[in-house]
Visitor: 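Quick one: structure below, then a few questions.
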Amino acid sequence: MNEISKQYNELLDAGVSITELYVYHLIVNDERSFGMSEKEIVDMVREAIDKRYISSEGIEFIVDSLLNGDELDGDENIWY
């Protein structure tokens, strides 16, 4: 467990949020992201995190929608 604590602290020291890491994990472990560049993945992480502030759905739903290519512009029934 000490190793996990060390890695956790290193991430925090590097300025990486746990939410960013989780969203990144969701994206890169989904086959729909295969072939995406690192920049595209990082941009999608940022977009997913930004969308969570206006969504009534969870971050998993937002990532799934973005990977599907859905436009989440606030007109859907799932948005406030």
Side-chain angles (χ1 to χ4, degrees):
M1 199 60 130
N2 188 26
E3 185 63 29
I4 292 173
S5 296
K6 180 182 173 190
Q7 292 172 354
Y8 173 79
N9 288 326
E10 287 173 358
L11 283 171
L12 294 179
D13 290 343
V16 176
S17 79
I18 300 306
T19 303
E20 289 172 321
L21 187 60
Y22 179 61
V23 172
Y24 181 85
H25 168 79
L26 290 174
I27 294 169
V28 299
N29 285 296
D30 190 294
E31 65 186 29
R32 293 170 290 180
S33 72
F34 296 170
M36 289 176 69
S37 71
E38 185 68 18
K39 182 185 181 324
E40 290 172 316
I41 292 170
V42 169
D43 289 346
M44 187 175 284
V45 168
R46 288 187 184 124
E47 184 176 3
I49 289 172
D50 288 345
K51 297 291 184 186
R52 74 182 174 152
Y53 295 110
I54 61 170
S55 172
S56 62
E57 299 293 335
I59 196 75
E60 296 86 357
F61 177 86
I62 295 168
V63 169
D64 184 56
S65 296
L66 292 173
L67 286 168
N68 281 336
D70 299 338
E71 291 293 326
L72 303 176
D73 59 10
D75 291 335
E76 295 82 7
N77 292 331
I78 61 167
W79 303 102
Y80 293 121

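Side chains included, hydrogens not; waters and symmetry mates left out as well; all remaining heavy atoms used.
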Visitor: In this structure, would Y53 and L66 fall into the same cluster of hydrophobic residues linked by side-chain contacts under 4.5 Å?
Guide: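 Result: yes, single cluster for both.
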Visitor: Any side-chain heavy atom of T19 sitting closer than 4.5 Å to one from R52?
Guide: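 A side-chain contact exists here, since the closest heavy-atom pair is under 4.5 Å.
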Visitor: Could you give the distance from CG (L26) to CG (L21), rounded to the nearest 0.5 Å?
Guide: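 The CG atom of L26 sits 10.0 Å away from the CG atom of L21.
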Visitor: Would you check if K51 and F61 make a side-chain contact, meaning some heavy-atom pair closer than 4.5 Å?
Guide: no
Visitor: Working to the nearest 0.5 Å, report the span between CZ of F34 and CD1 of I27.
Guide: 13.0 Å
Visitor: Identify whether V63 and V28 are in the same connected component of the hydrophobic contact network (ILVMFWY, side-chain heavy atoms under 4.5 Å).
Guide: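 Yes.
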Visitor: Enumerate the salt bridge (charged side-chain N to carboxylate O under 4.0 Å, His left out) contacts for residues 19-37, please, sequence neighbours excluded, ordered by first and then second residue.
Guide: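 Listed by first then second residue: D30-R32, R32-D64.
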Visitor: Could you tabulate the donor-acceptor pairs under 3.5 Å formed by side-chain atoms of residues 40-50, not counting sequence neighbours?
Guide:
from : atom 1 : to  : atom 2 : distance (Å)
E40  : OE1    : S37 : N      : 2.7
E40  : OE1    : S37 : OG     : 3.4
D43  : OD2    : K39 : NZ     : 2.8

Visitor: Linking I/L/V/M/F/W/Y whenever any side-chain heavy atoms sit under 4.5 Å apart, do Y8 and Y24 land together?
Guide: no
